[in-house]
Structures are given as C-alpha cells and as structure tokens.
Amino acid sequence: MKRNSYKKYLRTHKLPHIWCPGCGHGIILGAALRAMDELELDPYKTVAVTAIGCSARTNAIMNCNTIQTTHGRSLTFASGIKMARPDLTVLLFVGDGDGAAIGGNHLIHAARRNVDLTTILLNNSIYGMTGGQYSPLTPYQKTASTSPYGNLEQDFDVCKLADAAGASYVARGIAHDPRHLSRLIRGGIEHKGFSFIEGISQCPTYYGRRNKFSSPLEIMRWVKERSVRVKPETYNFSQDMDGAIPVGLLSHRNLPEFTDEYRKLVEQLQKGDNA
Amino acid sequence: MNSGCNMQFLQGNEACALGAIEAGVRFFGGYPITPATEIAEVMARELPKLGGVFVQFEDEIASIGAVIGASVAGTKAMTATSGPGFSLKQENLGYAIHVQIPCVVVNVMRGGPSTGLPTLPSQSDVMQARWGTHGDHPIIALAPYSVRECFDLTVRAVNLSERFRIPVIVLSDAIIGHVREKVVLPKREELTLVERKKPTVDPEDYKPFEDDGTGIPPMANLGEDYLFHITSNNYDDEGFPATNDHDIAGRRIKSLYNKIERYRDEIDDVDLFMVEDAEIIIVAYGSTARSARRAVMMAREEGIKAGLFRLKTIWPFPYDHLKAAAESANHLLLAEMNMSQLDSEVRSATHDLETKLHGLHQSNGMLITPYQIYDSLKGLV
C-alpha cells in the first residue's frame, strides 16, 4: 500500500476540519479511511452516514457519498439506504450521546435486525458540540457541565449493549492504537451483518479539562494503560475486568443478514407467481 | 388483480396503499397505529411480491428516517401514521423538506390531543400538517374524501413529491380510511407517473442544490454517477454547511418557498359543487365534505342556493380560488371536525369581500352529519 493513499477518500478541499486541537476523532476517521483504502472501496458505491455532534463532522470531509442526518437517527436513514440498495457499502459514524442516548433505540434495533451496516461509535465520553454535558458513556462520578458535582449515573458498556441486542460483529479500539482500530473497522466492513465498533476518542476541551487531565496525551495514556487486548474465543461480556477496558474483536458470529433474507423472500414470492 | 370486471369493494386505507404501489412506491417504512395500520398491512403483503421493501421499524421516527434514506437511494418511498405518530415524525419531515427529498406521509387523522380518540375521526391535524415541524418551510398536503380519492390523491402525492422534491402529506381521516366503497380503479396505463429529474451535467460540475432555472434542482440518487453531500444544516449549492452566511441562508429559505409558489397552478386543486349561483358556500374537505355535499342537495331541494367549495389540496391553501368562488356569495360556512383550524386561512382569502364567515366546528370524535350542516344552512337564510 502506498503511503497516504487513503487520502483519496478525503475531500481535501473541505479541509481543515473543525475539531479542537488534541481531539481523537480525526485519528479514528483516519483509521476508517485506511480500512476503506485497504478494501479499495469504490467511493461511488460507498455511503458514510452521520447525525449530529462532533462525530457528525467526519463525513463532510470524506470523499464518497455522505449524508448527515438528524440527531440520533443516522441508523434509520442508513437502514433505508441499505434496504433500498443492498449493493452499497454503508458506514456510520455516531457519537456517544448521539448513538447511545437519543439514538439508543435505533442502535439496539439495527443490531437486532442484523442489517449489513458498519457503525463506528466515536466515544469521547461527553457531548462536545454543545459544550461538555454528560452522556450515557460518561463514567460514574466524572464531571461535566450538567454533572458539576460528578455523574451520579452508571455508564453503558456500549459494546455489551450492541452484543446483547444482536450485533453480529462487535469490537472496541482506542485512538492510541489507530492501526489496530483500523483492522477492527476493516473486519467490520468485511463482515456481512451489523458491525459495531466502539472507538475510544478523547475530548481534551471539555471532558479532559473538567476531569483534571492536563493534555490530550494524558487522556490517551489513561485509556491505554487500562486497556487489555482480548479475543472473541475467550472473552465474554459479563466477565469482571476489574476496571480494565477490553479492547479488540469482542464477538463475531454469522447470523442471517436482513437484506439477504429479504432478497430470498422476494425471489421465493416471485417464483411462486410464475409457477 | 382480477381481469374482466374491475369493480372492487375497498377500504380507503387499502385504496391508499394500492395507489402508492401503482404510483411506483417500492419502499414502505411502517409502524402500527390505529386507524392507519391497514396501509402497512397491505404494503407488507404486496411490496415483496413486486421486489419492493416493507419494513416495520422500531418507532415512527425510524420509519420516516428509513423512508428518507430509501428515497435518497432512488426508491419512491412512503410511510403512514396517525396523530401521535405524525407528531413523532415531525423532525425528520422537516429534514426532508429542508434537503428536498421526495417522500409521502399519510396521516389518517384521529381525535387528539395526545392519544385522544384512537378509533374516531377528526380533522385536527390540519395545522400540524402545515406547521408541525420547526422553522420556516413550505408543505403540500392533500385531503381525499372518498375511497377512490384515497387512491387518486396518493398517486398525486407521489407525483408531486417527485416533481417538486418535497414531502407530500395525505391527510385522510378515520372515516375515509375505514369506509368501504365500490370503486373501479384506473388501469396502470391510464395513470401519469412522474419521476424525479436527474442531473445531466458532468459529475465534476454537479452542484446538488444549484437552481437550473426551474427552481427545482435535479436530484442524483446514491450509487450512481454523482458524489454528493447532504446536511441538515443550512447549505450552499454544493450541499455543504453554510451556517454563518446570511445571504445563502435567506436565499435557501426563499428558494424552498418559491419552488412551490411558482407552480401553484399544478398544485392547487379544489372541487366546486353548485357554487356558481350559490348564496351560501360551504368550505369543507375530507369526510366533512361528504356530509356537506349531501347538505347542499338537501338545501337545494328546499330552494336554498347552497354550494360546496371542497379543498383537495389543503396546503398550500388555495386563497385565490376561494376568493373567486366566494365573491358573489353572501355567506361562507366553514365546516371542520376541529376547533376551527382553517378559520384564519378562509378569513385571509376573503378579507376584502362582503361575504360573512360562519363556522360549524365539532371536535368530539363524531362526524358532522348532513343534517347538522343543513340546519346551519337554514339558519343563515
């Protein structure tokens, strides 16, 4: 692979991006672009769908078909696209508030339906675009502008949620290790079914500043030090990790994919008509 | 479909579904809700036979989101609902208006607010159809008054949405949706179908929202020869966010309005019944217009010169048509199953006429009967 050949998937004339210095979202987008490049995805046959928030700023700078939708609803739009045109590769970039709060219902049902979509959840533990409010993925007791005395709520293990809902490919990577994350995303795109990849990002501007992280790197190191590589053969979602963050391909199974099942139904009905 | 006799005994909701299929709808995002569910049931049964897609989604929001996605992917798409579901769809409805994506939303109106009267008719979503989603925007809404019209106006809704790149609402109600009538539906070859206008420029020159002189930008589908971006933010002609440019923002909103205003002659649709010499004209639509028509005939038998101005297109409101019809009348009687939602529109249309406006409004889940309207007419003589 040529160095930087992934840049053909960038609308370079739309750069620079608008993320804050030190934000991890660009690293995760880079990991996704490298995966697209390795798979040689045709930009004309690829659709990147986002919704609202910092995560939604990924696709305007991507060189493929790109649709930014309403808050939390990207999976519904993407489902319609994939069901109408199963030949298209559909990627989603969602945020932790976007994907796990307002869009949480769509996440579990898209996973259950097992539509062939690859969803990358950029988890920076905060609502960044609106100035740092707590999300369902803000850890317990961490501070945000709407949890000034510390977050009283328990956070989701969003990978466990996706797995329990029926996602047939579930992985977690971190911005500290973009090559590994890129492999996980590539695996998700190759997988036929609903793929869910959590990419742990960092928000130095709101999450870091309020929680006494002195630099973006310090958040990345904090995540890295707690991350433990696991394998799907040995990992199970209910094992006690003692505060560690399981990273890698967490689960992978072959389940009937929705658009395949639908195509078979259409063929069966149309054959019946002709008989 | 049976050959020979084409007479069918159909429900309004069934006719609506069949109209959508004949108009080329091949994607339906559904969610169960009374009194609209039969539309989803017909689509679930028929669409896969035609290679189309029916999916029942997890909620009303998802069903319209998927409809918009399918439409961007090049498929004519529709969803159907009633009051509470229509409320839930409003944000994505606004998205489709904003980014100019064709789709059809059927609202079989029932009594509200909230869960209200789930099995009973109402016309109280007329203003929600106009202004339910936030922000300045145009909309097209059609109101069928018979089973046959459920078919015809759904075909028309699909055509208008493709023609003008705008969601079109079919405002049916629990009576029109559930009533069964004998109908002969038109044959496929008798229908005129409209397909969205596609770009013809070189892919490098394609600007998805650039006016080509018609006010309606050509629309590329996903997966074809053009790459494009769509954003829910205010956008420039290339489709990219322009959230700090007042000129672009103002032009965008005006262009959304203008593409509808400019083609009012294609969109406006009213049915005039005995209005030429009428001294009293009833203004009505949907199931109320059925009663109104009967009341006009009863009144005429008594020598009362009554007529009916029936709205088939409610939005945009046909101000000019109403003014022209009302000019020689002494009285207008607006009859609606709501607390007078169209009153200000009728007043606005007729404000410089001598014609007096009266209202017959009922919001209790009961159809306004011909006798109620007839009595109101007699009271005006």
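- Between chain A and the residues B:G223, B:G239, B:A73, the most heavy-atom pairs under 4.5 angstrom are made by B:G223.
- Options B:D59, B:V72, B:T75 differ in how many heavy-atom pairs under 4.5 Å they form with chain A, and the most are formed by B:D59.
- Side-chain contact of A:H25 with A:T58: a donor-acceptor pair under 3.5 Å is absent, judged by distance alone.
- For A:R11, the part lying near chain B is the side chain, with the backbone staying farther off; criterion is any non-hydrogen pair under 4.5 Å.
- Counting heavy-atom pairs under 4.5 Å between each of A:V266, A:N65, A:L265 and chain B puts A:N65 at the top.
- Here B:E46 pairs with B:K49 in a salt bridge; the nearest charged N to carboxylate O distance falls below 4.0 Å.
- By the 6.0 Å contact criterion, NZ on A:K7 is open, its count of non-hydrogen atoms from other residues, nucleotides or ligands being 12 or less.
- Interface check for chain A: of the options B:E224, B:E91, B:E58, the most heavy-atom pairs under 4.5 Å are formed by B:E58.
- In terms of heavy-atom pairs under 4.5 Å with chain B, the best-connected choice from A:T259, A:I67, A:I52 is A:I67.
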task: List the steps, then state whether side chain to side chain contact (heavy atoms under 4.5 Å, CB included) holds for A:R85 with B:N221.
output: CA-CA 10 Å; A:R85 284 290 303 269; B:N221 297 327; 5.7 Å; no

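- In terms of heavy-atom pairs under 4.5 Å with chain B, the best-connected choice from A:L88, A:I108, A:T76 is A:T76.
- A ring-centre distance under 6.0 Å is not found for B:H229 and B:Y235.
- Rounded to the nearest 0.5 angstrom, B:I68 CD1 and A:F77 CZ are separated by 4.0 Å.
- Neither the backbone nor the side chain of B:V67 has a heavy atom closer than 4.5 Å to any heavy atom of chain A.
- Between chain B and the residues A:L75, A:I81, A:T46, the largest count of heavy-atom pairs under 4.5 Å involves A:I81.
- Proximity to chain A involves both the backbone and the side chain of B:F54, based on heavy atoms less than 4.5 angstrom apart.
- Residues B:K89 and B:T81 have side chains that never bring a donor and an acceptor to within less than 3.5 angstrom of each other.
- Between chain B and the residues A:D42, A:T69, A:V49, the most heavy-atom pairs under 4.5 angstrom are made by A:T69.
- Salt bridge status for B:R252 with B:D136: absent, with no side-chain N to carboxylate O gap under 4.0 Å.
- Contacts of B:F240 with chain A are made by side-chain atoms alone, with heavy-atom separations under 4.5 Å and no backbone atom involved.
- Contact detail for B:A66 and B:F57: the closest heavy-atom pair is CB-CZ, 3.3 Å.
- Nearest heavy-atom pair across B:F86 and B:Q90 is O-NE2, 3.0 Å.
- Contacts between B:L50 and chain A at a heavy-atom distance below 4.5 Å involve the backbone alone (N, CA, C, O).
- Of the possible polar contacts, none joining the A:N114 side chain to the A:G193 backbone as a donor-acceptor pair under 3.5 Å is found.
- Looking at A:R263, there are no atoms closer than 4.5 Å to chain B (heavy atoms on both sides), in backbone or side chain.
- With rounding to the nearest 0.5 Å, the separation of CD1 in B:I248 from CG in B:D237 is 7.5 Å.
- For A:Y262, the part lying near chain B is the side chain, with the backbone staying farther off; criterion is any non-hydrogen pair under 4.5 Å.
- Taking OH from A:Y9 and CG from A:L29, the interatomic distance works out to 13.0 Å, rounded to the nearest 0.5 Å.
- Proximity to chain B (any heavy atom under 4.5 Å) is restricted, for A:K14, to the side chain, taken from C-beta onward.
- Using a 4.5 Å cut-off between heavy atoms, B:N233 contacts chain A through both its backbone and its side chain.
- For the set A:A56, A:C64, A:S79, A:S74, the entry with the most heavy-atom pairs within less than 4.5 Å of chain B is A:C64.
- In this structure, no portion of B:V99 lies under 4.5 Å from any heavy atom of chain A.
- For B:T231, the parts lying under 4.5 angstrom from a heavy atom of chain A are both the backbone and the side chain.
- Counting heavy-atom pairs under 4.5 Å between each of B:I230, B:V53, B:L227 and chain A puts B:L227 at the top.
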